[in-house]
Amino acid sequence: QVQLVESGGGLVQAGGSLRLSCAASGRAFTNYNMGWFRQAPGKEREFVAVISRMGGNLYYADSVKGRFTISRDNAKNTVFLQMNSLKPEDTAVYYCAADGSPGLRSAPQRYDYWGQGTQVTVSS
């Protein structure tokens, strides 16, 4: 069992930046690939980024590539999402999730544990 708690969301203007954090339970944190997803009103949950267990492999959705950076600090059991050059279309509830299976996955159905979500609102 893994517990995940997101923080760092808020209201920002277009072009601004936010850094989201996801604090995980300390037990066997490095057993999990960690992903970020987002869900806007009326839309399905979509993949944003994923990072491998030791941080050596990264994968991003095309919509955020070059603007967002995922990272993790295993000593602190925390994964981050640095979001720069934010756009109104980035507005969503952002979730972190843990995947204990081998390989990087973008499908939300493949993730075993989820945080409560944090709201990100980007105004124009």
Side-chain angles (χ1 to χ4, degrees):
Q1 187 176 10
V2 177
Q3 293 80 43
L4 305 172
V5 180
E6 303 97 333
S7 62
L11 174 64
V12 298
Q13 293 189 90
S17 298
L18 283 174
R19 189 175 79 152
L20 306 183
S21 298
C22 175
S25 60
R27 186 171 183 172
F29 180 63
T30 55
N31 284 358
Y32 298 92
N33 300 317
M34 297 297 300
W36 284 98
F37 295 80
R38 65 188 184 187
Q39 188 165 22
K43 293 187 175 182
E44 293 186 346
R45 189 166 300 182
E46 67 172 341
F47 168 78
V48 175
V50 63
I51 187 167
S52 61
R53 293 172 177 84
M54 302 305 296
N57 293 293
L58 313 172
Y59 181 68
Y60 298 92
D62 288 342
S63 59
V64 306
K65 194 173 298 182
R67 299 188 298 121
F68 291 10
T69 303
I70 189 170
S71 62
R72 66 192 294 164
D73 186 341
N74 287 342
K76 297 181 178 180
N77 294 339
T78 304
V79 62
F80 304 95
L81 185 68
Q82 178 67 47
M83 305 186 295
N84 298 327
S85 301
L86 283 162
K87 305 174 180 179
E89 49 263 48
D90 295 319
T91 295
V93 176
Y94 283 71
Y95 300 89
C96 68
D99 173 18
S101 61
L104 301 183
R105 300 177 184 272
S106 61
Q109 296 86 350
R110 301 297 186 180
Y111 286 75
D112 301 308
Y113 304 101
W114 295 83
Q116 83 288 351
T118 185
Q119 177 71 49
V120 172
T121 302
V122 184
S123 64
S124 58

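Along the sequence shown, residues are numbered consecutively beginning with 1. These figures come from a predicted structure and were not determined experimentally.
Nearest heavy atoms, Ser17 versus Ser85: OG-N, 4.3 Å. Here the closest non-hydrogen pair linking Leu86 and Val12 is CD1-CG2, 3.6 Å. For the pair Tyr94 and Leu81, the tightest heavy-atom approach, listed with the atom from each and the gap, is CD2-CD2, 4.1 Å. Minimum heavy-atom separation, Val2 to Ala24: CG1-CB, 4.5 Å. Between Gly55 and Arg72, the shortest heavy-atom distance links the atoms N-CD, 4.0 Å. When all heavy atoms of Thr78 and Ser21 are compared, the closest pair comes out as CG2-CB, 4.3 Å.
The pair Asp90-Lys87 fails the salt-bridge criterion, with no side-chain N (NZ, NE, NH1 or NH2) lying under 4.0 Å from an Asp/Glu carboxylate O.
Once rounded to the nearest 0.5 Å, the distance linking CD1 of Ile51 with OH of Tyr60 reads 7.0 Å. To the nearest 0.5 Å, the span separating CE on Met34 from OH on Tyr111 amounts to 9.0 Å.
Taken together through direct or relayed side-chain contacts under 4.5 Å among Ile, Leu, Val, Met, Phe, Trp and Tyr, Leu58 and Met83 form part of one hydrophobic cluster. Cluster membership for Val120 and Phe80, using ILVMFWY side-chain heavy atoms within less than 4.5 angstrom, is not shared. Clustering ILVMFWY residues whenever any of their side-chain heavy atoms sit less than 4.5 angstrom apart, transitively, puts Val50 in a cluster other than the one holding Leu4. The hydrophobic cluster containing Phe47 does not contain Ile70, counting ILVMFWY residues as joined when their side-chain heavy atoms lie under 4.5 angstrom apart, directly or transitively. Under the 4.5 Å side-chain heavy-atom criterion for grouping Ile, Leu, Val, Met, Phe, Trp and Tyr, Trp36 is connected to Tyr32 within one hydrophobic cluster.
Surrounding NZ of Lys65 are more than 12 heavy atoms belonging to other residues, nucleotides or ligands, all under 6.0 Å away. By the 6.0 Å contact criterion, CZ on Arg45 is enclosed, its count of non-hydrogen atoms from other residues, nucleotides or ligands being greater than 12.
Annotation: side chain of Arg38 is in contact with side chain of Ser63 (closest heavy-atom distance under 4.5 Å). The shortest side-chain heavy-atom distance between Thr91 and Gln119 falls under the 4.5 Å cut-off.
Tyr59 contributes no side-chain N or O that, together with a main-chain N or O of Ser52, makes up a donor-acceptor pair within less than 3.5 Å. Remark: the backbone N or O of Cys96 is paired with a side-chain donor or acceptor of Glu6 at under 3.5 angstrom. Checking side-chain atoms of Asn74 against main-chain N and O of Arg53 turns up a donor-acceptor pair under 3.5 Å.
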